[in-house]
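These notes concern the structure reproduced below.
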Protein chains: 2
Amino acid sequence: MAKMTPRKQASRLSIDDRTADILAAAREVISVKGYENVLVADIARQAGIVEGTIYRYFENKRDLLVKVAEVWFNEQLAVDSQLPMIHGTQNKLRHIAARTLQIIKSEPVLSRFMLMELRPDPNYRSTAFFEMNRRFTRETLQVCKDAIASGEFHADVSPALVRDMLHGCIEHRTWAFLRGEGDFSIDEISDGIATVVYRGMATQPASTDNAARIDAAVARLEAVATRLGGPSAA
Amino acid sequence: MAKMTPRKQASRLSIDDRTADILAAAREVISVKGYENVLVADIARQAGIVEGTIYRYFENKRDLLVKVAEVWFNEQLAVDSQLPMIHGTQNKLRHIAARTLQIIKSEPVLSRFMLMELRPDPNYRSTAFFEMNRRFTRETLQVCKDAIASGEFHADVSPALVRDMLHGCIEHRTWAFLRGEGDFSIDEISDGIATVVYRGMATQPASTDNAARIDAAVARLEAVATRLGGPSAA
DNA sequence: TTTGAAAGATGAATTGCATTCATTAGTCAA
DNA sequence: TTGACTAATGAATGCAATTCATCTTTCAAA
C-alpha cells in the first residue's frame with residue numbers, strides 16, 4: 001500500500017546499540033525541549049533515523065520516555081553508596097534528603113517527568129520504575145525501623161509515615177522549583193526535615209532542658225557518691 | 001467551506017447556564033471514565049450538545065478540565081470553616097491533615113487530576129487554581145507561624161518547610177491510594193503527621209515521660225546510695 | 001564472488017484526537 | 001412579522017502518534 005521514495009538508510013546497528021542511540025537521543029531532546037514538547041519525530045531526527053524505526057525498539061512513545069527515565073534513575077542509584085558510612089540517625093535522614101534534592105536540582109526536566117508522568121500512571125505500576133522507586137525510599141524506611149528497634153525512636157508513628165513525610169516534603173518543596181519559582185537551598189531543607197523528623201520521633205528529647213536536668217541529676221549523684229567515697233571522689 | 005446537514009439544535013441557554021451544564025457534564029464524564037480518557041466528544045454528548053459548541057464556552061479542553069477542578073475546589077473550601085474553632089496547635093494540624101485526606105478520599109478522580117495536571121503545569125501558573133492552592137496551604141503556614149510567635153514552636157525550622165512536610169506527606173501517602181494500592185486510615189495518618197510535626201517543633205517536650213523517668217531513676221539511685229552511705233544523706 | 005533469506009530501516013498512509021469556522025437555526029426586540 | 005443577533009452545528013482541518021507494505025543491508029552459504 002505504502003509507496004516508497006527510498007533514500008539512504010541509516011547504518012544498521014545491533015539491537016542494543018540502536019536502542020542505546022535512541023535512548024540517548026530522547027534524553028537529549030527531552031532535556032532541551034522539556035518532555036511535554038517532545039515529538040517522536042524530534043527523537044528520530046536526533047538519532048539519525050526515521051520515526052517508524054523507533055517503533056521497532058519501543059512499544060510506543062511513552063514506553064521510550066519511561067525507559068529514558070529508568071536509565072537515568074539507575075545512574076543515580078549507582079552513584080550514592082555513602083549511606084552505610086554515615087553514623088547517627090539524624091545525619092542519615094539529612095543525607096537521604098540532601099541526596100534526593102541534589103538529584104532533582106541536577107536534572108529538573110527528568111525529575112519533572114518522573115514525578116508527573118511515571119509515578120501516577122497505573123499502566124506502569126509493575127515496571128522497573130516502581131521497583132526503583134521502592135528501592136529509593138526503602139532506605140528511609142529502614143533508618144526509621146532501626147531507630148525504633150534500638151529505642152531511639154518512638155514506636156507510636158509508623159515508619160512508613162515518617163518516610164512519606166520526608167519524601168513528600170521534598171517533593172512538595174521541589175514542585176516550586178520545577179515550576180520555576182526560584183531556587184532552593186539543599187542544606188536548609190535537608191537540615192530542616194532531618195531536625196523536625198528526628199525531634200518528632202526521638203524518645204530522648206535533644207532539648208537543653210533535659211540536658212540541664214541530667215547534669216543536675218548527675219551532680220546530685222556525684223554528691224552522694226562523694227559523701228560515700230570520701231573527698232577523693234572526682 | 002463547511003457544508004451543513006442541519007439537525008435540531010439544542011435549546012439555547014444563557015451563557016452561565018450552558019457553561020454550568022458543560023461543567024457538570026464534564027465532571028460526570030471524568031468521574032466515570034477517569035480524566036485521562038475523557039474525550040471532548042464524550043463531554044459534548046453528556047451535555048446534549050456538539051463538540052464545537054464547547055469551544056464557545058471554553059478556550060480548549062484543558063481550560064474546561066481546569067474549570068471543573070476549580071468548581072470542585074471552591075466547593076471544598078466552602079465546606080470547612082471549623083479551623084478557627086479548634087484549639088491547640090497539634091489539634092489544628094491534625095484537623096488540617098484529616099480534612100485534606102477526607103477530600104482526597106471522597107473524590108479520588110478529581111484529586112488525581114488536581115495533583116497530576118494542575119499543579120505542575122506552567123501554563124496555568126497564574127490561574128485561580130494556584131490562588132486556591134495557596135489559600136489551602138496558607139492555614140498550615142499560619143498555624144506554624146502563630147506557634148512560633150507564641151514560643152510554642154522552635155524558630156529554627158522555617159514554617160514553610162513544616163507546611164511542606166504536612167502537605168507533602170499527605171500527597172505522598174495519597175498517591176498509593178490513587179494508584180489503587182489499597183485504602184488508608186485518615187485518623188492514623190493525620191494523627192501521625194500531627195504528632196511528629198508537633199513534637200518535632202515544640203519547644204516544650206510534650207511528654208513528661210522522660211523528665212519523670214530521669215527524676216525517678218535519680219531518686220532510686222539516691223535511695224540506694226543513701227542506704228549504702230547511711231541515714232545522713234539528704 | 002554470487003545469492004538469497006533474514007532482519008533492519010523506511011516513509012506514505014492511517015488513525016485518533018482536538019480544534020476551527022462557514023453555515024444554519026433559534027430568539028427576541030422592534 | 002421580520003430581521004438582526006447570536007448560539008449551535010458538524011464538516012473540514014490540523015497535528016501527532018502509530019502502522020505496515022516495501023525497500024535495503026547484511027551475511028552466511030553455495
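Convention: sequence-line order gives letters A, B, ...; per-chain numbering from 1.
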**Q.** B:Arg18 side-chain N/O to D:dA8 phosphate OP1/OP2 under 4.0 Å
**A.** yes
Q: Starting at atom CD1 of B:Ile54, determine the distance to atom C1' of C:dT19, rounded to an integer number of angstrom.
A: 11 Å
Q) Quick one: B:Arg62 CZ to C:dT19 P, roughly how many Å, whole number? A) 11 Å
Q: Report the distance from atom CZ of B:Arg45 to atom C1' of C:dC17, rounded to the nearest whole Å.
A: 13 Å
(Q) Just the rounded figure in Å: distance from P of D:dC15 to CG of A:Asp42. (A) 15 Å
(Q) Given A:Asn91, which partner from the list A:Arg94, A:His95, A:His87 fulfils the side chain to side chain donor-acceptor pair (under 3.5 Å) test? (A) A:Arg94
Q. Roughly, in whole Å, what's the span from CD1 in A:Ile15 to C1' in D:dT26?
A. 14 Å
Q: Figure out the CD/P separation between B:Glu51 and D:dA8, and round it to whole Å.
A: 15 Å
Q.
If you apply the rule salt bridge (Lys or Arg N to Asp or Glu O under 4.0 Å), what do you find for B:Arg112 with B:Glu36, and how did you get there?
A. CA-CA 10 Å; B:Arg112 184 181 165 77; B:Glu36 280 142 316; 3.1 Å; yes
Q) Within the structure shown, what part of the strands sits under 4.0 Å from A:Phe58 by heavy-atom distance: base, sugar-phosphate, or nothing? A) nothing
Q. Base, sugar-phosphate, or nothing for B:Val50, non-hydrogen atoms under 4.0 angstrom?
A. base
Q: Verify the distance criterion only: is there a donor paired with an acceptor across the side chains of B:Gln142 and B:Asp146 at less than 3.5 Å?
A: yes
**Q.** Between C:dA9 (C1') and A:Ile22 (CD1): distance, integer Å
**A.** 11 Å
Q) Hey, mind stepping through B:Leu64 and B:Asn60 against side-chain contact (heavy atoms from CB on, under 4.5 Å) and telling me if it holds? A) CA-CA 6 Å; B:Leu64 166 54; B:Asn60 50 41; over 6 Å; no
Q. Does the side chain of A:His167 pick up a donor-acceptor pair with the side chain of A:Thr140 at under 3.5 Å?
A. yes
Q.
Does a side-chain N or O of B:Thr53 approach OP1 or OP2 of D:dA7 to a distance below 4.0 Å, or not?
A. no
(Q) It should be established whether B:Tyr57 places a side-chain nitrogen or oxygen under 4.0 Å from OP1 or OP2 of nucleotide D:dA7. (A) no
Q | Selection from D:dA17, C:dA25, D:dT24 that lies nearest to any side-chain heavy atom of B:Gln9 | A | C:dA25
(Q) So if I take every side-chain heavy atom of B:Ile49 and compare against D:dT9, D:dA16, D:dA7, which nucleotide ends up nearest? (A) D:dT9
Q: Let me know the distance between OH of A:Tyr55 and C1' of C:dG8, rounded to the nearest Å.
A: 17 Å
